[in-house]
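In what follows, chains are A, B, ... by sequence order, proteins preceding strands, each numbered from 1. Computed from heavy atoms alone, side chains included, the values below leave out hydrogens, waters and symmetry copies.
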Protein chains: 2
Amino acid sequence: MADTSKTVAATLPINTILDGDCIERMNALPAESVDLIFADPPYNLQLKGDLHRPDNSHVDAVNDHWDQFDSFRAYDDFTKAWLKAAHRLLKPNGAIWVIGSYHNIFRVGATLQDEGFWLLNDVVWRKTNPMPNFRGKRLTNAHETLIWASKSEKSKYTFNYEALKALNEGVQMRSDWVLPICTGHERLKDEKGDKAHPTQKPESLLHRVMVATTNPGDVVLDPFFGTGTTGAVAKMLGRDYIGIEREAAYRKVAEARLARVRKFDSDAIQVSKSKRAEPRIPFGQLVERGMLRPGESLTSLNGRYTAKVRSDGTLVRKDVTGSIHQVGAALEGAPSCNGWTYWHFKRDGKTVPIDQLRQQLRKELF
Amino acid sequence: MADTSKTVAATLPINTILDGDCIERMNALPAESVDLIFADPPYNLQLKGDLHRPDNSHVDAVNDHWDQFDSFRAYDDFTKAWLKAAHRLLKPNGAIWVIGSYHNIFRVGATLQDEGFWLLNDVVWRKTNPMPNFRGKRLTNAHETLIWASKSEKSKYTFNYEALKALNEGVQMRSDWVLPICTGHERLKDEKGDKAHPTQKPESLLHRVMVATTNPGDVVLDPFFGTGTTGAVAKMLGRDYIGIEREAAYRKVAEARLARVRKFDSDAIQVSKSKRAEPRIPFGQLVERGMLRPGESLTSLNGRYTAKVRSDGTLVRKDVTGSIHQVGAALEGAPSCNGWTYWHFKRDGKTVPIDQLRQQLRKELF
DNA sequence: AACACCGTTGAATCTGCGC
DNA sequence: TGCGCAGATTCAACGGTGT
């Protein structure tokens, strides 16, 4: 009788990068042989014209051929095909992560459900330093979405609850992860000094994914390997990886990168993890949350002026409008003014600086 | 000839709650009559009796074999039906918000795209106080997803950029919104003291949605009205609402709630407007009115170039002539240039951007 | 050595009006 | 409907240079 596990191990190209089409390559690998799949598929961004920053510099868009699809239908067909192949490859208790943006993630999520995957969480990667919206026409696109799903509803998937709790200073890990985008020395460059890949993901993101949902020795496959972030973090953490990448240029960069990586050498990850945004509380939040009503009057520190709160968190007094700081400064004829201590409101007959509301909210939020 | 706008206004049941099925009700309202739709659709797939096929035939859950595929297809049919009705109802420049969780939002998002809506942002509502994951088997589900989409790619949707920037203390608003869930006094109770609705949304969330994407006087429709958070915030902010709700118990709570709500002062619901909304002033008017003399020299922002004002409101420098914008762009080798902030003139020894003259003239004229 | 300043850059569906 | 043109629009972090 053949020892299946040995056969599989023998034919599984552990810790290598395969070239070619990911669907064909996945279909050529043995079924039920992989513990985790991490996939960063093309987003189908559908960008049209050029975009410039307010300083007139040009934004380097993702206009690579591999991100172009003719229609939603074409994108759905592609998605269904690679997800079918992924499903076949996973061990019964295996799981998958897929990352995307609003351009593609809804189609990916629906297809995952259609193909029998069982959604476990959607996770939001909140970027500390996203690219702003230069034209002021939409909200800053400050996050991407990851979907974590098991192979089936019955899967006994891996989830290292305590490890993630430890990563989060003793509190249960939430579904929103605050991490910076990949910049600085971590960002790989080509020979010309340009970025080697337009959408390189930060190692901190993969670190959290793998600590959460794999164990040492697990096999992690990435069908859109790019410059190999998945492989690099897998190697650091003592997991085995299989990468698939069509573009020779990306494979070359990934090979060099992986040769440099040492197991457990995760200093950079620890550093990026410690970055935390200061708890800034906009005045507008007090209004949105009903702590101050639009139309309510605020009084200045010296009692000389009053101003009315507007629904967008600005103040108005006669023809002067602006932030709590701007209106205070204008009334006092001063170059600047701390609105938090300058403006007061009345509660139960007492006059209180609005800063007290901010402190109250800080306690609630953090 | 009938006056369509009057007919529409007459037949539009402003500031009321309609009972019955939202698809039927929406289809009975006049097309292209609503500015914004906010929808919090049901997604509990156990409530299969809630589902209707597009032809409005009822889905019989009791005896059906509800394998996963049928269940998703029924939900998709339901989603497609109410989104089609919503699309018909929206004015050409109208928009929609839909909120959901990973159970349904991927199907909703894909259907939105399939039905011709144009996705503008996905927004993450990050809950400050989510329910923990008691069994420790997954991440704390600490967010919900909203999708903001315009009726079509061509829509000139409403986005009060400056107001949202003001709400966020002068930094442009991001796609992740940190807000607490609905608790305390805001949470409505029934006669028995239990929560009146299982998924009541916080008013702060609707406040931000409406400040961002509607103007006072707009008509906001909510096809899954529940206990009327959409209507309450619409009323406060001087917007008109239409609610649709099947459950009599929710309608009753919502009616009582809306009777209590008071509108904010009209100057409090005004928000900061962008410069684009201000009346346009041609540069030539400054010359005509003698604020700048023909022959006078202007200096570039960086001090590197000068150009001479001509009597027709164009500039000239050597062989380059044209508008303030064209000459600025040509000198900088930039694709475009805002001449108002680029060009400066001298008065009393000080160098001042010509935009200051425009602001001065605006005050005189308007 | 420490800090200030400046240029660069990142998965982006990024204008609106008038002729 | 397309084209031309006025003119509005950015946040955080990194790295290099200057004080």
Side-chain angles (χ1 to χ4, degrees), chain A residues 40-64 66-69 72 99-105 125 127-145 180-187 189 193-195 197-202 224 226 272 275 277-278, chain B residues 93 113 117-122 148-150 153-154 156-157 159 161-162 165 168 170-175 273-278 280-284 313 322-329 334-343 354-355 358:
Chain A
D40 183 8
Y43 287 8
N44 188 24
L45 284 189
Q46 311 166 63
L47 302 178
K48 300 204 170 80
D50 274 7
L51 182 64
H52 293 86
R53 299 186 180 80
D55 65 3
N56 276 322
S57 62
H58 183 255
V59 175
D60 186 15
V62 179
N63 47 16
D64 305 76
W66 48 255
D67 199 46
Q68 316 287 335
F69 293 84
F72 284 135
I99 183 168
S101 69
Y102 68 86
H103 309 84
N104 72 323
I105 198 66
W125 169 27
K127 304 179 185 182
T128 57
N129 49 348
M131 190 161 80
N133 186 290
F134 296 117
R135 308 301 295 266
K137 302 309 290 182
R138 303 181 180 193
L139 300 161
T140 308
N141 202 350
H143 74 275
E144 293 188 31
T145 302
I181 60 175
C182 182
T183 59
H185 293 302
E186 189 185 325
R187 188 87 194 204
K189 303 287 194 291
D194 299 326
K195 59 188 173 192
H197 192 282
T199 70
Q200 187 184 340
K201 297 294 176 288
F224 308 99
S272 52
K275 284 176 193 161
E278 284 298 308
Chain B
N93 293 331
Q113 291 179 312
F117 290 94
W118 189 245
L119 303 197
L120 297 168
N121 276 117
D122 60 335
W148 172 37
S150 59
E153 184 177 354
K154 305 255 185 283
K156 291 172 188 155
Y157 55 89
F159 180 54
Y161 175 76
E162 291 295 340
K165 195 169 168 178
N168 200 30
V171 183
Q172 69 176 207
M173 185 67 81
R174 301 166 38 115
S175 56
K273 284 290 176 188
S274 119
K275 273 194 201 168
R276 273 183 275 251
E278 301 202 48
R280 212 175 73 85
I281 297 199
F283 176 71
S323 71
I324 51 173
H325 316 293
Q326 289 168 333
V327 175
S336 72
C337 169
N338 184 345
W340 290 107
T341 50
Y342 181 76
W343 292 109
I354 58 175
D355 195 44
R358 179 170 65 158

Anything under 3.5 Å between a protein N or O and an N or O of nucleotides 17-19 of chain C, put it in a table, one pair a line.
none

Nearest-Å distance once atom P is located in both dG15(D) and dA11(C)
16 Å
Measure from the side-chain heavy atoms of Thr183(A) and tell me the nearest of dT13(C), dC14(D), dA8(D).
dC14(D)
In the structure I gave you, are the side-chain heavy atoms of Glu144(A) and Ile105(A) within less than 4.5 Å of one another anywhere?
no
Under 4.0 Å between a side-chain N/O of His58(A) and OP1 or OP2 of dT8(C), yes or no?
no
Distance criterion of 3.5 Å, no angle test: do you see the side chain of Arg187(A) paired donor-to-acceptor with the base of dT9(C)?
no
Which residue is it: Leu45(A), Thr145(A), Asn44(A)? I am looking for the one with a side chain to side chain contact (heavy atoms under 4.5 Å, CB included) to Ser101(A).
Leu45(A)
Counting N and O atoms only, with roles assigned by atom type, does the side chain of Thr140(A) sit under 3.5 Å from a partner on the main chain of Ala142(A), one being a donor and the other an acceptor?
no
Below 3.5 Å, does any donor atom in the side chain of Lys201(A) face an acceptor in the base of dA11(C), or the other way round?
yes
Apply side chain to side chain donor-acceptor pair (under 3.5 Å) to Trp118(B) and list each qualifying residue two or more places apart in sequence or on a separate chain.
none
Same-atom distance (C1') from dT13(C) to dA12(D), integer angstrom:
23 Å
When the P atoms of dC14(C) and dC5(D) are considered, how many whole Å apart are they?
23 Å
Do any side-chain nitrogens or oxygens of Lys195(A) fall under 4.0 Å of OP1 or OP2 in dT9(C)?
no
I'd like to know if the side chain of Arg187(A) reaches the main chain of Pro202(A), judged simply by a donor and an acceptor atom lying under 3.5 Å from each other, with no hydrogens or angles considered.
no
What contact category does Asp67(A) fall into here, base, sugar-phosphate, or nothing, at under 4.0 angstrom with non-hydrogen atoms?
base
For nucleotides 9-12 of chain D, print each protein N/O atom paired with a nucleotide N/O atom at under 3.5 Å, atom names and distance only.
| unit_1 | atom_1 | unit_2 | atom_2 | d |
| --- | --- | --- | --- | --- |
| dT9(D) | O2 | Phe134(A) | O | 3.3 |
| dT10(D) | OP1 | Tyr161(B) | OH | 2.7 |
| dT10(D) | OP1 | Lys165(B) | NZ | 2.6 |
| dC11(D) | OP1 | Gln172(B) | N | 2.8 |
| dC11(D) | O2 | Pro130(A) | O | 3.4 |

Evaluate the ring planes of Phe283(B) and Trp340(B), with Trp represented by its six-membered ring, and classify them as parallel (under 30°), tilted (30 to 60°) or perpendicular (over 60°).
perpendicular
How would DNA chain D look in dot-bracket form, 5' to 3', counting Watson-Crick and G-U wobble pairs with both distances under 3.5 Å and writing | for bases paired to another strand?
.|||||....|||||||||
dG7(D) to dG10(C) separation - C1' atoms, rounded to the nearest Å:
26 Å
Quick check, are the ring centers of Tyr43(A) and Trp66(A) under 6.0 angstrom apart?
no
Write down the distance between CD (Glu186(A)) and P (dT9(C)), rounded to a whole number of angstrom.
18 Å
Under 4.0 angstrom, heavy atoms only, what part of the nucleic acid is Pro41(A) near: base, sugar-phosphate, or nothing?
base
Just to confirm, is there a sub-4.0 Å distance from OP1 or OP2 of dA8(D) to any side-chain nitrogen or oxygen of Lys137(A)?
no
Sole residue of Ile181(A), Ile99(A), Val62(A), Asp64(A) in side chain to side chain contact (heavy atoms under 4.5 Å, CB included) with Thr199(A):
Val62(A)
Does dG7(D) have OP1 or OP2 sitting under 4.0 Å from an N or O in the side chain of His325(B)?
yes
Residues at least two apart in sequence or cross-chain that pass ring-ring contact (aromatic ring centres under 6.0 Å, His included) with Phe117(B), listed by chain then number, are His87(B)
Non-neighbouring partners of Asp194(A) that pass side chain to side chain donor-acceptor pair (under 3.5 Å), sequence neighbours left out:
none
